[in-house]
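Each remark here refers to the structure printed beneath this line.
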Amino acid sequence: MATTLITGGTVVTSTGRSAADVLIDGERIVAVLEPGSMLLGSDLASAADTVIDASGKYVIPGGIDPHTHMELPFGGTAASDTFETGTRAAAWGGTTTIIDFAVQTYGQQVMDGLAAWHDKARGNCAIDYAFHQIIGDVNADSLQAMDGLVAEGVSSFKLFMAYPGVFYSDDAQVLRAMQKSAETGMLTMMHAENGPAIDVLVEQLLAQGKTDPYYHGIARVWQLEEEATHRAIMLANVTGAPLYVVHVSAKQAVAQLAEARDNGQNVFGETCPQYLYLSLEEQLGAPGFEGAKWVCSTPLRARAEGHQENLWQSLRTNDLQLVSTDHCPFCMKGQKDLGLGDFSKIPNGIGGVEHRLNLLYQGVVDGQISLERWVELTSTTPARMFGLYGKKGVIQPGADADIVIYDTNGHTSIGFEKTHHMNMDYSAWEGFEIDGHVDTVLSRGKVIIDDNQYLGAKGDGQFVKRSLSQYLI
Ligand code: URP
Ligand code: ZN
Ligand code: ZN
């Protein structure tokens, strides 16, 4: 098999950094060595088939985005990135694995939903991919089918306390599914917002003529995120289910998670770049219909209330454990504009799979998180949390050679023109400037991004079966 040596760089892991060379044989890392090491009497640089010079740059494990929605049918349309376009965009941004959500819709068999997701992804991905399972209809059949998910490599499922009439589960359904989670070891992922209460507020706002995108954020008040988070924690406590709350945006919801963790409960939370950087006032409150670009649930929160700073702090203190994108892109034209004159009809979701590593690196530059925590939040903890660790999330012998060479002297301008590769007619991150650049990306030993060129191909990415979370007790 062909060997590759990455030489001269600084290898950064979740626990430290050191000057080291990385030797790859085929798809795997075979050695992490002192710079300039010899092998069987010859220096590695002359023995390797390919040498990549990473001098002055960071060598980090490829990003793992554990929350994406490619081609998700939602809000009367479907997320605009296919597995082909979305995974290619992810590769551009240094993400080498996504975990997407297979969907069981109401009335559908769980395994049929999973099979449909395999059909969408198979042969189309630029990078490796895995699945969680959305359980959109908790009933006797689906509870029984869930027994088979772990053997399929799907070791987590998502429930929704929001979106009545679509994916919503009531408390009785949540309790039963969590009992299954406790029994099988599957992680329960929760969209924690009180959907029925939100729907009343939506109806009342619309009746008052408050139809702009801004009111999406007013209807989905933080109290209804905090309340649902608390309820999810209590139901998990009753059942003994391990709980992971997705897209946390309210500081009060974080406080609920932190209290439960302090009390010894096995609960976790993720946030997303949009909740760290963007706000109700600036983005959702943009003039006219512009705010539709940032309609997502949970919603962007008021900067005046301090949510964003609190989320950064929670990432430092491990009250939140990782950062995903919740990539769920829709174009303005023909998709977001379904909600002109009625914010409740704007498809919910923001695209960002390409920008997570860069946006989080900016947090390192800004002094919000350390370099090692950057790697931990974007790769190592996602791998541990979702049963990929060892194969993914780490630079060590035996691991897949999913590697990013990151240049801190480089620059990434997300810009106002279309500079990204996602299948969207705008970017939620227009105007953002990043003091760093993804130079080279290897996916299982193959260079797929180098020198601002895409060198991969549709079908490079393989389905990865996941084990149970490392955080089970
Ligand atoms: O607005 C969002 N988050 N859309 C995607 C679906 C979900 O709830 O994660
Ligand atoms: Zn959700
Ligand atoms: Zn989501």
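Residue numbers count from 1 along this sequence.
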Worksheet item: With no hydrogens and no angle check, do the side chains of D65 and T325 hold a donor and an acceptor under 3.5 Å apart?
Response: yes

Worksheet item: Between S37 and E34, do the side chains contain an N or O donor and an N or O acceptor separated by less than 3.5 Å?
Response: no

Worksheet item: If we ignore angles and hydrogens, is there a donor and acceptor under 3.5 Å between the side chains of Q335 and T77?
Response: yes

Practice prompt. Could you check if a side-chain atom of Y275 sits within less than 4.5 angstrom of a side-chain atom of V248, using non-hydrogen atoms only?
Written response: no

Discussion item. So, taking the atom named OG1 in T184 and the one named CG in L468, what distance separates them when rounded to the nearest 0.5 Å?
Written reply: 7.5 Å

Item to complete: Ignoring hydrogens and angles, state whether a donor on the side chain of H67 or D326 is under 3.5 Å from an acceptor on the partner side chain.
Response: yes

Discussion item. Under 3.5 Å, is there a donor on one side chain and an acceptor on the other for T105 and Q108?
Written reply: yes

Item to complete: Would you please say whether a donor-acceptor pair under 3.5 Å links the side chains of R301 and N310?
Response: no

Practice prompt. Assess the side chains of S80 and N423: does a donor N or O sit below 3.5 Å from an acceptor N or O?
Written response: no

Discussion item. Using the side chain to side chain donor-acceptor pair (under 3.5 Å) criterion, which residues pair with Q274? Sequence neighbours excluded.
Written reply: none

Worksheet item: Distance only, no hydrogens: is a donor on one side chain within 3.5 Å (strictly under) of an acceptor on the other, for D366 and Q362?
Response: yes

Practice prompt. Just jot down the ring-ring contact (aromatic ring centres under 6.0 Å, His included) partners of W294, sequence neighbours excluded, or say none.
Written response: none

Discussion item. For F167 and Y163, take the angle between the two ring planes, folded into 0 to 90°, and tell me which bin it lands in: parallel under 30, tilted 30 to 60, perpendicular over 60.
Written reply: perpendicular

Discussion item. Going by side chain to side chain donor-acceptor pair (under 3.5 Å), name the residues that satisfy it together with K336, two or more places apart in sequence or in a different chain.
Written reply: none

Item to complete: Mind jotting down which residue pairs meet the salt bridge (Lys or Arg N to Asp or Glu O under 4.0 Å) criterion with at least one end in residues 87-100? Sequence neighbours excluded, please.
Response: E84-R88

Practice prompt. Identify whether the distance between the nearest side-chain nitrogen and carboxylate oxygen of R122 and D119 falls below 4.0 Å.
Written response: yes

Item to complete: Kindly write out the residues that satisfy ring-ring contact (aromatic ring centres under 6.0 Å, His included) with Y471, not counting sequence neighbours, or none if the list is empty.
Response: F268

Worksheet item: Do other residues, nucleotides or ligands put more than 12 heavy atoms under 6.0 Å from Y214 OH?
Response: no

Worksheet item: If you measure only the distance, is there a donor-acceptor pair under 3.5 Å linking the side chains of T15 and E372?
Response: no

Worksheet entry | ring-ring contact (aromatic ring centres under 6.0 Å, His included) contacts touching residues 8-37 (sequence neighbours left out) | none

Worksheet item: Side-chain donor-acceptor pair under 3.5 Å between D128 and T97, yes or no?
Response: no

Item to complete: Give me the ring orientation class for F101 and H132: parallel if the planes are under 30° apart, tilted from 30 to 60°, perpendicular past 60°.
Response: tilted

Practice prompt. Consider only side-chain N and O atoms of R17 and T10, and report whether a donor and an acceptor are under 3.5 Å apart.
Written response: no

Discussion item. Using 30° and 60° as the class boundaries, would you call the ring planes of F463 and Y129 parallel, tilted or perpendicular?
Written reply: tilted

Discussion item. Under a 3.5 Å threshold, yes or no: a donor from one side chain and an acceptor from the other, between Y244 and E270?
Written reply: yes

Worksheet item: Are E309 and Q368 linked by a side-chain donor-acceptor pair shorter than 3.5 Å?
Response: yes

Discussion item. Test side chain to side chain contact (heavy atoms under 4.5 Å, CB included) on E290 and Q283; report intermediate values, then the result.
Written reply: CA-CA 8 Å; E290 190 77 0; Q283 277 77 28; over 6 Å; no

Worksheet item: Do T378 and R356 have side-chain atoms, one donor and one acceptor, less than 3.5 Å apart?
Response: no

Worksheet entry | SB check K465 E152 (cutoff 4.0 Å) | no

Worksheet entry | D450 versus T440, side-chain donor and acceptor atoms under 3.5 Å | yes

